[in-house]
Undergrad: 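After the structure tokens below, expect a handful of questions from me.
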Amino acid sequence: MTTFKQSNYWLDTAQMPPGTLGDLPERADLAIIGAGFTGLSAARTLAKYGANVAVLEANTIGWGASCRNGGMVLTGMKLGVETLVARYGMDATKRMFAASLASIDLVEQIVGEEKIECDFSRCGHLVVTCKPSHFDDYVRSAELLARDFQHQLRVVPQNALGSEIGSSIYFGGIVDETSAGLNPARYVAGLGQAALKAGACVFENCRLEGLGAASKNGDPGFQLQTSRGRVFASQVLVATSGYTSGATPSLRKKIIPIGSFIIATERLPETLAHALSPRNRMIYDSKHYLYYYRLTPDNRMLFGGRAAFFPETGNTIRRSAEILRRGMIGVYPQLRDAKVEYAWGGTLDFCFDTMPHAGCMDGIYYSVGYAGHGVAMATYLGAKIAEKMAGGLDENPFADIPFPGAPLGFYNGRPWFLPFAGAYYKVLDWLT
């Protein structure tokens with residue numbers, strides 16, 4: 001394989017704002033754990049309400065999944081609407097789907113209001129189907145969305161798919177023009193700058209080590225022990241997603257951290273880039289063990305997937321890059337000679353029901369479980385939870401759905417079962 005550097009392409013294009021200088025305050029109105037999309041969106045919202053907000057980030061602004069993803073701003077959730085209707089009913093599913101659309105609108109609104117230069121574009125997404133049966137399933141889903149949700153998708157049969165993608169291996173596709181793409185590192189940098197400008201404090205290299213109920217001068221709240229000292233806060237929001245630690249054990253037991261990996265090629269000639277993706281869509285396939293891919297603004301092919309389920313390490317990134325390059329050439333033989341210049345990984349947060357969850361547990365607020373749809377939904381739920389914490393209306397459609405843990409309770413936050421899950425989904429893709 002061509003030599004590549006284990007480096008995140010997006011980070012080479014962005015400049016993260018510095019965090020707040022100085023010591024931790026002894027007290028804050030609200031403490032937010034994590035400076036990614038969720039935490040920074042919440043901090044921006046709460047600071048605009050006039051709250052004294054302290055964001056505690058174990059590393060640096062945007063260090064986690066917020067700048068390690070593909071920059072796809074997608075409609076819907078990981079689960080299809082048929083599954084959601086069967087599980088939660090039509091009314092609840094309509095509220096959830098409406099929230100997914102509103103989440104993209106919110107990202108676009110923030111980008112405009114804060115003048116964030118992150119290449120946001122309503123380019124739409126394309127789902128490509130790997131089997132004829134998958135295509136039939138997606139057509140039925142499109143019909144349901146049009147009939148009951150008034151959301152129009154465009155069905156692309158196999159003989160017309162060449163207008164959308166320069167690959168001949170698929171059996172058709174579905175286009176949703178509402179989805180968007182952006183540069184996630186520039187977006188999270190802009191979101192961080194917006195939170196700081198609104199008055200929030202962001203303390204970097206400030207790892208949460210302990211959290212417990214406490215009182216100060218007769219006021220109830222929480223004492224937070226960090227690597228930089230202690231802070232008392234009246235309210236706490238945990239926004240750590242796939243990087244949730246043992247400092248919040250009850251939440252950690254409900255989250256499965258899953259690795260997702262990406263490669264990016266050298267810059268491609270304009271004619272080749274256009275042939276690969278004539279409409280510059282955000283693209284993903286219909287498998288459980290899926291690939292997702294897109295062109296970057298400078299015409300690199302960015303190609304990602306669950307090449308290894310375990311979170312990122314030097315070894316999993318190296319092995320995943322080799323798997324992804326083979327997968328990319330399988331989709332696009334035209335890229336056989338293209339040099340891979342970047343390879344990196346990040347950790348997604350899946351819950352046991354593959355749903356986002358945002359609410360309050362043991363008096364502590366949380367928002368987690370985006371399952372690969374976090375760019376928009378994390379931004380949205382961060383803002384909605386913040387509004388609830390500030391005493392506003394609870395407009396979060398995920399607050400009241402059940403939040404299951406592991407079956408039989410055989411899970412402490414360390415995902416020993418991931419190799420078995422990976423093998424199961426590979427077999428499922430072969431059978432279905």
Side-chain angles (χ1 to χ4, degrees), residues 28-39 41-43 45-46 51 53-58 64-65 77 87-88 92 96 99 207-215 219-226 231-257 347-371 374 377-378 380-415:
D29 295 333
L30 303 112
I32 298 172
I33 316 304
F37 294 142
T38 304
S41 176
T45 301
L46 287 164
V53 182
V55 181
L56 313 179
E57 166 55 48
M77 283 150 283
R87 184 185 293 180
Y88 302 112
M96 294 174 190
R207 185 177 300 276
L208 181 68
E209 297 175 343
L211 169 62
S215 63
D219 297 327
F222 298 89
Q223 189 74 42
L224 296 92
Q225 179 66 48
T226 80
V231 59
F232 176 86
S234 300
Q235 297 185 84
V236 175
L237 167 63
V238 180
T240 45
S241 293
Y243 298 87
T244 299
S245 74
T248 52
S250 296
L251 190 60
R252 188 187 189 193
K253 290 178 182 178
K254 292 177 178 286
I255 298 171
I256 310 167
T347 302
L348 306 177
D349 54 334
F350 277 69
C351 296
F352 284 91
D353 57 358
T354 324
M355 288 294 292
H357 290 275
C360 192
M361 179 190 303
D362 301 327
I364 298 169
Y365 289 90
Y366 61 86
S367 183
V368 295
Y370 307 119
M377 190 56 72
Y380 178 81
L381 288 179
K384 291 302 176 185
I385 285 289
E387 290 168 3
K388 171 68 173 175
M389 295 172 76
L393 295 176
D394 190 353
E395 297 179 328
N396 162 24
F398 305 99
D400 297 324
I401 65 174
F403 191 178
L408 305 177
F410 293 149
Y411 181 59
N412 63 359
R414 298 183 182 276

Undergrad: Given Asn396 and Lys388, is the side chain to side chain contact (heavy atoms under 4.5 Å, CB included) satisfied, shown in steps?
TA: CA-CA 9 Å; Asn396 162 24; Lys388 171 68 173 175; over 6 Å; no
Undergrad: Which distance, rounded to the nearest 0.5 Å, do you find between the CG of Leu56 and the CG of Leu211?
TA: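 Interatomic distance, Leu56 CG to Leu211 CG, rounded to 0.5 Å: 10.0 Å.
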Undergrad: From Thr240 OG1 over to Glu57 CD, what is the distance, rounded to the nearest 0.5 angstrom?
TA: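 Those atoms lie 10.0 Å apart.
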Undergrad: Would you call the rings of Tyr366 and Phe403 parallel, tilted or perpendicular if under 30° counts as parallel and over 60° as perpendicular?
TA: tilted
Undergrad: Can you tell me how far apart CZ (Arg87) and CG (Asp353) are? Round to the nearest 0.5 Å.
TA: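 The CG atom of Asp353 is 5.5 Å from CZ of Arg87, to the nearest 0.5 Å.
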Undergrad: Over all heavy atoms of both residues, which pair between Ala99 and Pro397 is shortest? Give the atoms and the distance, please.
TA: CB-CG, 3.8 Å
Undergrad: First locate atom CE of Met96, then atom CE of Met377, and finally report the distance between them rounded to the nearest 0.5 Å.
TA: 9.5 Å
Undergrad: Which atom pair, heavy atoms only, marks the closest approach of Ile364 to Phe222?
TA: CG1-CE2, 3.7 Å
Undergrad: Which atom names give the shortest non-hydrogen contact between Asp362 and Ser250, and what distance separates them?
TA: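 Minimum heavy-atom contact is OD2-OG, 3.9 Å.
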Undergrad: So which atom in Ala28 and which in Ala54 form the shortest heavy-atom distance, rounded to 0.1 Å?
TA: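 In this case the closest contact between Ala28 and Ala54 is CB-CB, 4.0 Å.
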Undergrad: Show me the donor-acceptor pairs, under 3.5 Å and distance only, between side chains in residues 31-38 and residues at least two apart or in other chains.
TA:
unit_1	atom_1	unit_2	atom_2	d
Thr38	OG1	Tyr370	OH	2.8

Undergrad: Are the side chains of Lys254 and His357 in contact, using a 4.5 Å heavy-atom criterion?
TA: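 Answer no - side chains too far apart.
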Undergrad: Which heavy atom of Met355 sits nearest to which heavy atom of Met77, and what is that distance?
TA: CE-SD, 4.2 Å
Undergrad: Using the side-chain contact (heavy atoms from CB on, under 4.5 Å) criterion, which residues pair with Ala386? Sequence neighbours excluded.
TA: Ala42, Thr45, Leu46
Undergrad: Lys384 and Phe398: side chain to side chain contact (heavy atoms under 4.5 Å, CB included), yes or no, with the steps?
TA: CA-CA 11 Å; Lys384 291 302 176 185; Phe398 305 99; over 6 Å; no
Undergrad: Tell me the closest heavy-atom pair linking Thr347 and Pro257, and the distance in Å.
TA: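 That closest heavy-atom pairing would be CG2-CB, 3.5 Å.
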Undergrad: So, do Cys351 and Val368 sit near enough that their side-chain heavy atoms are less than 4.5 Å apart?
TA: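 Yes; the side chains approach each other to less than 4.5 Å.
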Undergrad: Could you tell me the separation between the CG atom of Leu30 and the CG atom of Leu237, rounded to the nearest 0.5 Å?
TA: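 Spacing of CG (Leu30) from CG (Leu237) equals 9.0 Å.
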Undergrad: Within this structure, what is the NZ-CD1 distance for the pair Lys253 and Ile256, rounded to the nearest 0.5 Å?
TA: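 So the NZ of Lys253 and the CD1 of Ile256 are separated by 15.0 Å.
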Undergrad: Around atom CG of Asp394, are there more than 12 heavy atoms of other residues, nucleotides or ligands at under 6.0 Å?
TA: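 Yes, enclosed.
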